[in-house]
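Reading through the structure tokens given below for one structure.
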Amino acid sequence: MPELAEVEYYRRVWDAGLRQPVTRVHIHAGKRVTRGVDALAVVNALTGAKLLGSEAHAKQMLFRFSGNAWLGLHLGMTGKLSVAPPDFQPDRHDHLVLFQKKQALVFRDPRMFGRVRFHEGKTPEWWTDLPPAIAAPEFTAALVRDFLNRRAKLTVKAAILMQERFPGVGNWMADEILWQARISPKRLCGTLKPAEVTAVWKRTKSVCAEALATVGVDFSDPPKGWLFHTRWSSKGKCPRCGASLKTAQVGGRTTRWCGKCQR
DNA sequence: GGAGATGTTTCAAG
DNA sequence: GCTTGAAACATCTC
């Protein structure tokens with residue numbers, strides 16, 4: 001379920017390997033997840049290198065190794081990071097495994113919508129070029145307003161799924177933001193009143209912050225009363241008014257919302 | 001067996 | 001050149 005908060009959680013899972021050298025690298029070359037990656041270069045650079053630190057930004061992760069080696073991971077739809085015993089036997093979905101003395105760091109992604117990146121030298125461009133994080137002061141109301149204004153004929157749901165402006169927001173968070181803001185996901189951005197645009201901005205920030213504080217820390221559930229708890233069930237009800245949730249494809253994704261309190 | 005899945009990328013049309 | 005929507009990607013689960 002990798003959206004911003006889950007990504008942050010998975011990043012920390014690999015902290016188990018901090019400050020320890022990699023003794024062996026297992027990588028699947030020639031797969032969709034490793035496209036554009038020189039597998040031999042990864043093996044050569046990371047074997048013997050120490051994991052020095054990591055960061056998460058939106059749905060992306062960056063792992064820094066000694067020798068100026070950088071590993072980027074995106075979890076796609078079904079990616080996961082885990083820690084396994086040092087004698088772990090990777091199967092066909094375990095596309096990258098970093099073996100260390102005490103454990104193995106495993107990146108698994110059956111559906112392969114995720115991505116492995118690799119770079120040697122200074123901080124890679126694909127990391128420094130990312131848009132401002134939602135938690136950053138640069139993610140301003142004006143930025144959101146201008147973005148939505150320029151997409152007058154796009155549904156607001158589709159707009160807040162766009163990573164170039166709402167980095168890290170995925171399908172369930174988008175539904176949560178709109179439900180909390182009481183705005184129908186089908187509304188076109190051009191019809192939003194200034195107060196509604198502000199609500200989108202505010203709720204984006206708060207939903208991200210609270211998800212990071214719960215899911216992001218220990219995979220615990222987000223706060224009580226959120227749409228999150230009912231949106232997965234086909235019989236789900238609105239936590240606010242009790243009406244049955246509506247379901248439709250909006251912005252190309254399954255969307256659930258309350259037809260009564262979201263206008 | 002079929003449909004759908006918490007995500008991008010690409011392509012074509014407007 | 002920009003915006004928008006749909007298809008494609010690969011595999012598993014319900």
Side-chain angles (χ1 to χ4, degrees), chain A residues 1-11 28-37 56-61 72-81 90-96 107-117 126-127 129-131 134 146-180 185-192 204 207-208 210-212 214-216 219-222 226-236 245 247-257:
Chain A
M1 47 168 96
E3 296 183 29
L4 162 136
E6 291 93 342
V7 170
E8 170 61 12
Y9 171 80
Y10 282 124
R11 177 191 71 78
H28 285 160
K31 292 283 196 177
R32 180 183 166 81
V33 261
T34 49
R35 62 195 183 278
V37 172
H57 184 118
K59 297 176 188 171
Q60 322 262 349
M61 289 174 286
L73 293 179
H74 190 293
L75 298 173
M77 201 87 106
T78 52
K80 277 182 184 162
L81 300 190
D91 86 359
R92 69 193 187 106
H93 300 312
D94 301 318
H95 305 296
L96 180 72
F107 167 56
R108 179 181 182 84
D109 183 10
R111 222 172 144 186
M112 292 198 286
F113 286 0
R115 186 151 189 189
V116 177
R117 284 191 165 93
W126 42 258
W127 188 260
D129 287 353
L130 292 170
I134 287 163
D146 294 345
F147 184 80
L148 297 181
N149 285 347
R150 216 176 325 123
R151 287 172 178 73
K153 294 190 174 166
L154 192 64
T155 57
V156 62
K157 162 90 184 225
I160 65 181
L161 282 172
M162 294 182 79
Q163 301 299 296
E164 63 193 271
R165 184 45 65 221
F166 297 89
V169 174
N171 202 29
W172 79 253
M173 290 182 70
D175 281 0
E176 189 70 45
I177 289 163
L178 290 172
W179 177 78
Q180 293 195 18
K186 292 184 150 184
R187 288 276 297 283
L188 301 186
C189 293
T191 71
L192 295 176
T204 299
V207 166
C208 285
E210 292 177 68
L212 275 171
T214 52
V215 182
F219 234 90
S220 57
D221 282 348
W226 276 26
L227 178 71
F228 176 89
H229 301 286
T230 58
R231 75 174 292 285
W232 311 102
S233 155
S234 57
K235 294 178 226 149
L245 295 176
T247 307
Q249 291 287 122
V250 184
R253 308 296 300 279
T254 297
T255 300
R256 309 215 65 209
W257 76 101

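First the proteins, then the strands, lettered A, B, ... as listed; each starts at 1.
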Report yes if a side-chain nitrogen or oxygen of [X] is closer than 4.0 Å to either non-bridging phosphate oxygen (OP1 or OP2) of [N]; otherwise report no.
X: A:Lys59; N: B:dG7; result: yes
X: A:Thr78; N: C:dC12; result: no
X: A:Arg253; N: B:dT6; result: yes
X: A:Gln163; N: B:dG7; result: no
X: A:His93; N: C:dA10; result: no
X: A:His74; N: B:dG7; result: no

Charged N-O contact under 4.0 Å between [X] and [Y]:
X: A:Arg115; Y: A:Asp109; result: no
X: A:Arg150; Y: A:Glu164; result: no
X: A:Asp94; Y: A:Arg108; result: yes

With centres under 5.5 Å and planes under 30° as the test, does A:Phe113 stack with C:dC9?
yes

Atom [atom1] of [X] and atom [atom2] of [N]: how far apart are they, to the nearest Å?
X: A:Asp175; N: B:dA5; atom1: CG; atom2: P; value: 11 Å
X: A:Leu4; N: B:dG7; atom1: CG; atom2: C1'; value: 14 Å
X: A:Arg150; N: C:dT3; atom1: CZ; atom2: P; value: 6 Å
X: A:Leu161; N: B:dT8; atom1: CG; atom2: P; value: 9 Å
X: A:Glu6; N: B:dG7; atom1: CD; atom2: P; value: 9 Å
X: A:Lys80; N: B:dT6; atom1: NZ; atom2: P; value: 14 Å
X: A:Arg165; N: C:dT3; atom1: CZ; atom2: P; value: 12 Å
X: A:Arg92; N: C:dT11; atom1: CZ; atom2: P; value: 6 Å

Less than 3.5 Å apart, any donor N or O on the side chain of A:Gln249 or A:Thr254 sitting next to an acceptor on the other?
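Yes, because at least one side-chain N or O of A:Gln249 sits under 3.5 Å from a partner of the opposite role on A:Thr254.
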
Expressed in whole Å, how much space separates the P atoms belonging to C:dT4 and B:dT6?
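About 23 Å, rounded to a whole number of Å.
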
C:dA10 to B:dC11 separation - P atoms, rounded to the nearest Å
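15 Å, rounded to whole Å.
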
Answer yes if the ring centres of A:Tyr10 and A:Phe107 are under 6.0 angstrom apart, and no otherwise.
no

Just to be sure I follow the notation: if a pair is Watson-Crick (purine N1 to pyrimidine N3 plus N6-O4 or O6-N4) or a G-U wobble (N1-O2 and O6-N3), each under 3.5 Å, what dot-bracket string does DNA chain B give, with | for pairs to another strand?
.||||.||||||||

Considering all heavy atoms, the nearest A:Glu6-A:Val215 contact
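Taking every non-hydrogen atom into account, CG-CG1, 3.9 Å.
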
A:Gln163 side chain vs A:Gly168 backbone, donor-acceptor pair below 3.5 Å:
yes

Evaluate side chain to side chain donor-acceptor pair (under 3.5 Å) for A:Thr255 paired with A:Lys157, printing each intermediate quantity in order.
CA-CA 8 Å; A:Thr255 300; A:Lys157 162 90 184 225; 2.9 Å; yes

Counting the atoms with a prime plus P, OP1 and OP2 as sugar-phosphate, which does A:Gly252 contact under 4.0 Å by heavy atoms, base, sugar-phosphate, or nothing?
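The residue A:Gly252 makes no contact with any strand.
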
